[in-house]
Every structure is written in structure tokens, then in C-alpha cells.
> 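Quick one: structure below, then a few questions.
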Amino acid sequence: TTATNNFVAAVGITSGRNIQLVDAGAIDLGASAITGTLAVTATTGGDITDSAAISVGGTSTFTAANGQDIILDSASTYTGTVAFVGTTLANVTINDSGAFDLAALTLTGNLSVTSGGAISDSGVIDVDGTSSFTTGSANIDIDNATGNGLTGAVSFTTTGTGDVTFDNGTTAINLGTVSVGQNLEVQSGGAITDSGIITVGGTASFTTDLSDKPITINSQNAISGQVTFSTTGTDGDVNFDNGATAISLGVISTGDIGG
């Protein structure tokens with residue numbers, strides 16, 4: 001745990017219980033099997049990356065200096081909660097073979113989460129760049145009650161029976177490419193727009209819960225099931241284009257609707 005350590009090559013833990021690693025620069029994690037907790041710190045001017053799969057039985061904490069990246073894109077297994085720590089982290093990428101829970105996180109760059117199980121959030125997520133969340137047939141629930149703040153385009157991918165529930169607090173939502181096997185539910189205190197194509201196998205609902213916030217979903221989308229919209233105020237208009245896919249409208253509560 002000495003702050004002046006400098007590991008030039010990948011650091012792997014063949015077998016260990018509770019592990020702490022501190023590197024004065026960047027640190028690359030090799031193949032590791034840890035039954036307890038993992039704490040990794042890159043103290044100054046270095047990213048945290050992985051070059052092989054990591055298995056952690058307990059919680060994991062990754063701490064990097066301001067403006068650095070944490071890129072863990074090998075198909076690893078993080079059983080406990082994973083925390084990314086840094087006052088102004090840039091980009092974070094995580095790939096977990098099981099369910100993944102996001103603790104509180106603030107990024108100036110982009111967020112990418114891939115999971116073999118469900119994706120959820122137990123803390124507030126603030127991302128200035130783009131965000132993407134990918135699972136198989138499991139659900140994605142990014143709906144912290146305190147209110148997230150994902151500023152850039154947000155993309156979701158599920159298959160089969162995988163639902164997506166997304167609440168962005170009072171921050172406007174820009175939906176990027178969205179492909180949902182089952183149902184999609186989107187809620188924001190700001191406007192809701194799309195910059196990518198939205199494909200949904202089941203139902204879709206879009207809600208702006210503050211007055212005069214419009215919904216504009218017009219990127220030649222393909223939502224197969226019933227679509228519902230809810231806005232308030234005279235400027236809470238809805239514009240919806242479903243491409244070549246037939247539209248089934250559910251309950252509509254809005255100032256005006258067009259398409």
C-alpha cells in the first residue's frame with residue numbers, strides 16, 4: 001500500500017482474500033481471484049485498467065486522481081458493490097458477468113456498463129458525457145429516487161424479457177440508441193428527446209413530471225407495444241414518429257400532440 005509503488009507490468013493476484021494495491025502512476029490489473037475485498041488506487045496521473053478477468057467476492061473500490069479513467073472492460077465478476085472514487089473522474093467502463101449495482105458516481109466524460117445480469121443504481125449518477133447500459137434478458141433500473149443527472153445521450157440494450165426503467169431526476173433526457181426486449185419506462189423533470197433509434201418489443205411510456213417540458217421522440221423509431229405519454233402545462237407538447245411501425249397509443253396526458 002506504499003504510495004510510491006510503481007508497477008510497470010500488469011498486477012495479478014493469483015489467490016487472495018482482502019487486497020489493497022496502490023500505484024504512483026497508472027495500474028493495469030491482470031488475472032485475479034480475490035475472495036474478499038479489493039481496493040485499487042492510482043495516486044497521481046494514471047488510469048486504472050484491466051488486461052484480464054478479475055473475480056472479487058466482496059466489495060471493490062477503484063480510486064483514481066482527477067481527470068483519469070477507470071476502464072475495466074474484461075468480462076469479470078464483481079459480487080459486491082463496486083465504487084469508483086475520484087473528485088473529477090473522466091471516463092468509466094465496467095464489464096461484470098453478473099448483476100451490477102452502481103454506487104454514487106460523478107464523471108466529466110462517458111460511462112459504459114455491461115452486465116450479464118441486472119443493472120441497478122444505489123447512488124446518484126452524474127455523467128457529463130454519454131452513458132450506455134447493456135445486459136442480456138435481465139432488467140436495467142436506473143431510477144435513483146434522489147435523482148440522477150445523465151447529461152449526454154443515454155443508450156440501453158436488453159434482449160428477451162429485459163425491461164428498462166430510467167428516471168433522470170430534473171435533468172433533460174437525450175435517448176441515444178435504445179433496444180429493449182420488453183418494456184421501456186422513461187421519466188424526467190426536463191424535456192425528453194431522442195438522437196438515436198428506439199426499438200422496443202413491448203410497451204413504452206414517457207413522462208415529464210415538471211410543467212411545460214415537451215417530449216420529442218421522432219427518429220423513425222420502432223416501438224411495437226402500446227405507447228403512453230404524460231406532460232403538464234401548455235408547453236408540454238408531444239411529437240412522436242414511429243417510423244414504419246404501427247402505433248398503438250395508450251393513455252395520453254399532454255398539452256398538444258403531433259407526429
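Keep in mind that the numbers below use all heavy atoms, side chains included, and drop hydrogens, waters and symmetry copies.
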> Are Asp50 and Ser76 packed together at the side-chain level, in the sense that at least one heavy-atom pair is separated by less than 4.5 angstrom?
yes
> First locate atom CD1 of Ile215, then atom OG of Ser230, and finally report the distance between them rounded to the nearest 0.5 Å.
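Those atoms lie 7.0 Å apart.
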> Using modelled atom types only, decide if a donor and an acceptor are shared between the side chain of Ser115 and the backbone of Gly98 within a distance under 3.5 Å.
yes
> For the atom pair CG (Asn168) and CG (Leu150), what is the distance rounded to the nearest 0.5 Å?
4.5 Å
> Please set out all donor-acceptor pairs under 3.5 angstrom arising from side-chain atoms of residues 196-212, sequence neighbours excluded.
unit_1: Thr203; atom_1: OG1; unit_2: Asn183; atom_2: OD1; d: 3.1
unit_1: Thr208; atom_1: OG1; unit_2: Lys213; atom_2: O; d: 2.8
unit_1: Asp209; atom_1: OD1; unit_2: Gly189; atom_2: N; d: 3.3
unit_1: Asp209; atom_1: OD2; unit_2: Gln187; atom_2: NE2; d: 2.7
unit_1: Asp212; atom_1: OD1; unit_2: Thr234; atom_2: N; d: 3.1
unit_1: Asp212; atom_1: OD1; unit_2: Asp235; atom_2: N; d: 3.1

> If every non-hydrogen atom of Ser51 is compared with every non-hydrogen atom of Ala10, which pair is closest and at what distance?
OG-CB, 3.8 Å
> Under the side-chain contact (heavy atoms from CB on, under 4.5 Å) rule, what do Asn139 and Val164 come out as? Steps first, then yes or no, please.
CA-CA 6 Å; Asn139 296 337; Val164 170; over 6 Å; no
> Distance only, no hydrogens: is a donor on one side chain within 3.5 Å (strictly under) of an acceptor on the other, for Ser97 and Thr77?
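Judged by distance alone, the side chains do pair up.
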> In Å and rounded to the nearest 0.5 Å, what is the CZ to OG distance from Phe240 to Ser219?
11.0 Å
> Just do the side-chain hydrogen bond (donor to acceptor under 3.5 Å, both in side chains) check on Asp47 and Thr49 with the steps written out, would you?
CA-CA 6 Å; Asp47 299 332; Thr49 59; over 6 Å; no
> Rounded to the nearest 0.5 Å, how far does OG1 of Thr151 lie from CD1 of Ile173?
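Taking CD1 in Ile173 and OG1 in Thr151, the distance rounds to 11.0 Å.
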> Could you check whether any side-chain heavy atom of Leu175 comes within less than 4.5 Å of a side-chain heavy atom of Phe156, counting everything from C-beta outward?
yes
> What do you reckon, are the aromatic ring centroids of Tyr78 and Phe100 less than 6.0 Å apart?
no
> Hey, are the side chains of Ile27 and Val40 touching, using non-hydrogen atoms and a 4.5 Å cut-off?
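The answer is yes; the side chains approach within 4.5 Å.
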> Kindly indicate, with the supporting measurements, whether the criterion side-chain contact (heavy atoms from CB on, under 4.5 Å) is fulfilled by Asn110 and Val127.
CA-CA 7 Å; Asn110 305 322; Val127 181; 5.6 Å; no
> Roughly how far apart are Asn174 CG and Ser188 OG, rounded to 0.5 Å?
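Spacing of CG (Asn174) from OG (Ser188) equals 11.0 Å.
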> Nearest 0.5 Å, what's the CG-OG1 distance between Asn95 and Thr114?
5.0 Å
> Nearest heavy-atom pair of Ser137 and Gly160: which atoms, and what distance?
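Distance-wise, the nearest heavy atoms are CB-CA, 4.4 Å.
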> Any non-hydrogen side-chain atom of Asp163 less than 4.5 Å from a side-chain atom of Ile140?
no
> Checking side-chain contact (heavy atoms from CB on, under 4.5 Å) for the pair Ile142/Phe133: CA distance, chi angles, key distance, verdict?
CA-CA 9 Å; Ile142 305 299; Phe133 304 90; 3.9 Å; yes
> Please evaluate residues Asn148 and Asp121 with respect to the criterion side-chain hydrogen bond (donor to acceptor under 3.5 Å, both in side chains), reporting the C-alpha separation (whole Å), side-chain torsions for both, the decisive distance (0.1 Å), and the verdict.
CA-CA 9 Å; Asn148 296 305; Asp121 58 343; 3.0 Å; yes
> Specify the closest pair of heavy atoms between Ala52 and Gly30, including all atoms of both residues, with the distance to one decimal.
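Closest pair (atom of Ala52, atom of Gly30, distance): CB-C, 3.8 Å.
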> Run through Ile48, Ile70, Thr106 and flag the one making a side-chain contact (heavy atoms from CB on, under 4.5 Å) with Leu89.
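When side-chain contact (heavy atoms from CB on, under 4.5 Å) is applied between Leu89 and each of Ile48, Ile70, Thr106, only Ile70 qualifies.
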> Given 3.5 Å as the limit, does a donor-acceptor pair link the side chain of Asp23 with the main chain of Thr43, or not?
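No, because the side chain of Asp23 does not come within donor-acceptor range (under 3.5 Å) of the backbone of Thr43.
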> Show your reasoning for whether side-chain hydrogen bond (donor to acceptor under 3.5 Å, both in side chains) applies to Ser120 and Asp141.
CA-CA 5 Å; Ser120 59; Asp141 294 297; over 6 Å; no
> Would Asp143 and Thr165 count as a side-chain hydrogen bond (donor to acceptor under 3.5 Å, both in side chains) here? Give the steps.
CA-CA 7 Å; Asp143 57 357; Thr165 302; 5.3 Å; no
> Would you find a donor on one side and an acceptor on the other, under 3.5 Å apart, between the side chain of Thr158 and the backbone of Gly181?
yes
> Output, in order, the C-alpha distance, side-chain angles, deciding distance and verdict of side-chain contact (heavy atoms from CB on, under 4.5 Å) for Leu105 and Asp126.
CA-CA 6 Å; Leu105 178 63; Asp126 290 299; over 6 Å; no
> Given side chains that start at C-beta, do those of Leu21 and Leu29 come closer than 4.5 Å, heavy atoms only?
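They are in side-chain contact.
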> Whether the side chain of Thr159 engages the backbone of Gly136 through a donor-acceptor N/O pair (distance < 3.5 Å, no angle test) should be reported.
yes
> Are side-chain heavy atoms of Asn144 and Asp167 found at a separation under 4.5 Å?
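The answer is no; the side chains never approach within 4.5 Å.
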> Will you find, in the side chains of Asp128 and Thr108, an N or O donor that is under 3.5 Å from an N or O acceptor?
no
> Have a look at Val56 and tell me which of Ile19, Val82, Leu38, Asp96 forms a side-chain contact (heavy atoms from CB on, under 4.5 Å) with it.
Leu38
> Under a 4.5 Å side-chain heavy-atom rule over Ile, Leu, Val, Met, Phe, Trp and Tyr, are Leu72 and Val11 clustered together?
yes
> Judged by modelled atom types alone, do Asn221 and Asp241 share a side-chain donor-acceptor pair under 3.5 Å?
no
> If hydrophobic clusters are built by linking Ile, Leu, Val, Met, Phe, Trp and Tyr wherever their side-chain heavy atoms come under 4.5 Å apart, do Ile54 and Ile13 end up in the same one?
yes
> Please name the pair of heavy atoms, one in Ala42 and one in Gly25, separated by the smallest distance, quoted to 0.1 Å.
CB-O, 3.3 Å
> Taking all heavy atoms of Val124 and all of Thr146, pick out the closest pair and write down the distance.
CG2-CB, 3.6 Å
> For residues Ala53 and Ser74, report the shortest heavy-atom separation together with the two atoms involved.
N-CB, 4.0 Å
